[in-house]
Amino acid sequence: MNEIIADVLVIGGGMAAGWAAISAAKTGARVVIADKGFMGTSGVTAPAGPNHWWVPPEPGLRKAAVERRLESTFGLADPVWMERIIDITWQSIPEIAPWYPFSGDGKNGTFRSGLRGPEYLRALRQYATKLGVIILDQHPVLELLARQDGSIGGAAGYDRLNDRPWNARTGAVILATGGCAFRSGLLGSYNNTGDGYLMGVEAGAELSGMEFCVSYSISPAWLSTRTLPYTGARYFNAEGQLLSIPGWDKPREYLCKLADAFRTGPVYADLHEAPVGLPAVIREIQPATVAAFERRGLDMFQDRFEVKLFGEGTIRGIGGLRIIDDVCATAVPGLFAAGDAATREHIAGATSGGGAQNAAWALSSGVLSGTGAAREAKKRRKALNQSEKLNPLGGPGLRPSDTIKTVDNKAAIQTAQNEILDLDKALWRNETKLSSSASLLDAAWSEIRNNLQGRNLDAVSARETAAMVATARWCNASALVRKESRGMHVREDYSQQSPEYQSHIITGGLDKITSYLEKPRVAEVVS
Amino acid sequence: MITEILSERCNNCNTCVAVCPDHVLDLAKNDQPPAIARPDQCQTCFLCELYCPEDAIYVAVVVPRSELQNDPMGNIRRDYGWDGHKEEPLKNFWQLGGLLREGVMISSARYALQQSDDKKPEKKI
C-alpha cells in the first residue's frame, strides 16, 4: 500500500481545488492534491472559461454590486460573504500572472476577470507546483478515513493508471470534488458525480440547499458546449415555425417556454441574429464550441441545428455541503468543503449566481478552506506520524450491507437522471411527483446499499453510482421539505414564497434521510 | 468521442492517457499508441487533443473525419494557440462578457417585439 503523509489533502482537481492547495501551501503546509482525472482537464472549468465577479476595491462600487446581487437571492444570501469573495477574487487572480497569458482589456488595461479554462487550470497547476504541492493525477478517492475521535485524518483511493490502492494520512481534508450533474452530458461534468457529498455525509457532515438544483443549459443536441453563442439564438419547431421564447434576462420564463416546446417535439435553433462581432472571435474564445459544429459538418452561423437542454444539477445549481464558519469547515472536525462541493447559498441564495459569482465562489471558498485546513492541520502535526488506526468510512459501493450481487449501474444512474433532471418534474414540482420520485430513488438506493460492491478499478464506478443516487435522494428530500416556491425551486402545490421558509434546508443521512429547516420561524405562543 | 490515435504520428509519450479526465485511455504498450479502452467514458472535451504535442489525436463529433471537406486534425491545438503560432492567444478574450450581454439583449428585444406583435390582432377586435 502506497501511503502518503501530508498536512492537507485536497480532493479534486478543478478551480476550487487548485486555489485551496495554493492557499494552504502558502502557509507552509505540506499539501497533496488527489484528483480522479488530471488537474488541468478535470471538472467543468477546464473546458470552459469563467468570468469572475470583478469589482475594484472602492467601497461604493462594492456595496452597490452586493446590493444589486442581493435583490435576486430571495433572502438567503449574506452580504458579508459576498463582499468577502469579491475581495479575495480581486486579490488572487493577479497572482497567477507568471503562468497565465493575460492580454489586454480593449481599453489599454489588462483583462483579468475572465480566464480561458485550459490555461487557467494549467496556471493553477504550475503555481501549486511552484509552492511545493504534490499532485496525484488519476488517483480517485474512494472514501475518507477517520481518527478514533471521529475527526478526519486521511482518505483512501485507487491509482487507476497503476492499478493499485493508495491512501493518505493527513492533518485535514478539503473536499473540492465539484457538484453533480448526474451524467447529463453537460460539458466537463462526467467526473462530477457528487463523490464529495457522499464522502462528507458518511463522515457525518450535512448538506444545505440541495433543492436548488434546477438549472439547465442549451446546446446542440449532440454535444454540450459553452453557451456564449446561443444567448441571441432563434428557436424553431419541427415545422420550421419561429418560436416565441423569452430572453435570457428572464431565466425561469425562458426555461419553461423551452420545456413546453420540447414536450411537443424536437427544437431547432439558428444563430442568424447572433452579435455581429461574435463570428470573428468565437474560435479564440471557445475553440471547442466551434469544433462541435465544424466536426459535425455544419456552419454554426448559417445552419439550423437541433438543440437540447443539458441538466446542470448542483453545478450551476446551488446546493452542497453545509459550511459552518468563514474558512469553509464542515461540522466534522478536520473536514472542509470548497467550490461546488460546498453550498453556494451564502452568495447566491436561491438563484444561480451566474458564471461570474460562481467562479468567484469557487476561487474564494478554495482560498478560505486552504487557510482553514492548514491551520487545523498544524494542530495535528505532532500526532500525524504516529500509527493511529484510521477507520474507513465508505459504505455503499464498497461494503454492501447484504449479499454481494450484480447491480445494474446504468439503470441506477438512469433513475437518478429521470427523477431529478426531467423537465416536467424539476420545473413544476409537487408533493405527488416528489413522493413518487422518492420511492423510485429509495428502491435504487436499497439495491446499491445491499448488494453493490466494486473491487479494484470497479470500485470507482461503484462509488460514483452510489454518489449520484444518494445526491438525487438528497435533492428530492430537500425539495419535499421546502413547502413554498423560492428562486429556482418552484412548487405547483405551494406557489408562493413564504416568510416561514426564509432559511436553509439542511439534509443528511444515508439510509434514512433527514431534512429540516435550519431556523424555523416559530410563531410566538400567546398564552 | 475520441476515435483516432494515429500510430505514424504518436510518439507513445502517454500524455493523453495522463491528462484524460475520464480514464478513456490505457497506457501505450509494445510500441503501440495508447489504447482507446473506454470510449463510452469520453465526454468530447477535446482536451487530449489540445495536450497532444504531435497532433496525433482526433476527437470526432458524430461524423467520421474522412467525410468532412476540410480535415480538422490539429485544429484544436491551433485554435487554442498551443502550437505556438500565436503571440497573443487570448487577445480577444476580453470580449466574452460584452458579447454574452449583447446576445441577451438581442433575444430579449426579439421576444418583446414578438409579444407586442401577438397583441396587435387582439386590439383590432
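So that the names make sense, note that chain A is the first sequence line, chain B the second, and so on, each numbered from 1.
Both the backbone and the side chain of A:A288 come within less than 4.5 Å of a heavy atom of chain B. Contacts of A:Y235 with chain B are absent, with no heavy-atom separation under 4.5 Å from either backbone or side chain. Contact of A:L228 with chain B is made through backbone and side chain together, with heavy-atom distances under 4.5 Å. Proximity to chain B involves both the backbone and the side chain of A:R234, based on heavy atoms less than 4.5 angstrom apart. Using a 4.5 Å cut-off between heavy atoms, B:Q41 contacts chain A through both its backbone and its side chain. With a threshold of 4.5 angstrom between heavy atoms, A:I282 does not approach chain B through any atom at all. Looking at B:L68, only its side chain comes within 4.5 Å of chain A, counting heavy atoms on both sides. Heavy atoms closer than 4.5 Å to chain A are found in both the backbone and the side chain of B:I76. For A:L457, the part sitting under 4.5 Å from any heavy atom of chain B is the side chain, from C-beta outward, and nothing else. Heavy-atom distances place the side chain of A:Q138, and not its backbone, under 4.5 Å from chain B. For A:S189, the part lying under 4.5 angstrom from a heavy atom of chain B is the backbone only. For a residue to count as touching a neighbouring chain, one of its non-hydrogen atoms must lie under 4.5 Å from one of that chain's; by this rule A:A233 touches chain B with the backbone only. Proximity to chain B (any heavy atom under 4.5 Å) is shown, for A:L298, by neither the backbone nor the side chain. Both the backbone and the side chain of A:F38 come within contact range of chain B, each with at least one heavy atom under 4.5 Å from a heavy atom of that chain.
Judged purely by atom type and a 3.5 angstrom limit, A:N237 uses its side chain to pair as donor or acceptor with the backbone of A:Q241. At distances below 3.5 Å, at least one donor-acceptor pair connects side-chain atoms of A:D137 with backbone N or O atoms of A:M39. Judged purely by atom type and a 3.5 angstrom limit, A:N191 has no side-chain atom pairing as donor or acceptor with the backbone of B:D22. Side chain of A:S219 to main chain of A:T225: a donor-acceptor pair is present (N/O by atom type, distance under 3.5 Å, no hydrogens or angles). With hydrogens and angles ignored, the 3.5 Å screen pairs no side-chain donor or acceptor of A:W248 with any backbone N or O of B:S108. Between the side chain of A:D299 and the backbone N or O of A:D303 there is no donor-acceptor pair closer than 3.5 Å. Of the possible polar contacts, one joining the A:R116 side chain to the B:Y80 backbone as a donor-acceptor pair under 3.5 Å is found.
When B:L25, B:N14, B:L100 are compared by the number of non-hydrogen pairs under 4.5 Å with chain A, B:L100 comes out ahead. When each of B:Q69, B:R101, B:K91, B:Q95 is scored by its heavy-atom pairs under 4.5 Å with chain A, the top score falls to B:K91. Heavy-atom pairs under 4.5 Å with chain A were tallied for B:N75, B:L27, B:L47; the largest tally goes to B:L47. Counting heavy-atom pairs under 4.5 Å between each of A:L186, A:N51, A:L223, A:L187 and chain B puts A:L223 at the top. Between chain A and the options B:E88, B:E102, B:Q114, B:R110, the largest number of non-hydrogen pairs under 4.5 Å is found for B:R110. Contact tally against chain B (heavy-atom pairs below 4.5 Å) for A:P275, A:P47, A:G247: the top residue is A:P275. Comparing B:V104, B:V62, B:L90 by heavy-atom pairs within less than 4.5 Å of chain A, the highest count is held by B:L90. Interface summary for chain B: among A:G49, A:G43, A:S224, A:P287, the most heavy-atom pairs under 4.5 angstrom belong to A:P287. With respect to chain B, the highest number of heavy-atom pairs below 4.5 Å among A:P101, A:G37, A:G104, A:P118 belongs to A:P118. Most heavy-atom pairs under 4.5 Å with chain B, from the set A:G188, A:G114, A:S113: that is A:G188. When the candidates A:R296, A:E273, A:E284 are compared by the number of heavy-atom contacts under 4.5 Å with chain B, A:E284 comes out ahead. Counting heavy-atom pairs under 4.5 Å between each of B:N70, B:D26, B:V17, B:L50 and chain A puts B:V17 at the top.
Taking the ring centre of A:Y158 as origin, the terminal cationic atom of A:R164 falls outside the region bounded by 6.0 Å and 45° from the ring axis. With A:F310 as the aromatic partner, A:K308 meets the cation-pi criteria of under 6.0 angstrom to the ring centre and within 45 degrees of the ring axis.
Side-chain contact check for A:T41 and B:Y51: no donor-acceptor pair (N or O, by modelled atom type) lies under 3.5 Å. For the residue pair A:K36 and A:T177, no side-chain donor N or O sits within less than 3.5 Å of a side-chain acceptor on the partner.
The aromatic rings of A:Y120 and A:Y100 stand perpendicular to each other, their planes meeting at an angle above 60°, with 30° marking the opposite boundary.
Between B:H23 and A:Y190, the distance separating the two ring centers is not shorter than 6.0 angstrom.
For residues 54-68 of chain B, the set of pairs meeting the side chain to side chain donor-acceptor pair (under 3.5 Å) definition, not counting sequence neighbours, comprises B:E4-B:R65, B:N11-B:E54, B:D55-B:R77, B:R65-B:D71.
The distance from the CZ atom of A:R283 to the CG atom of B:D79 is 4.5 Å, given to the nearest 0.5 Å.
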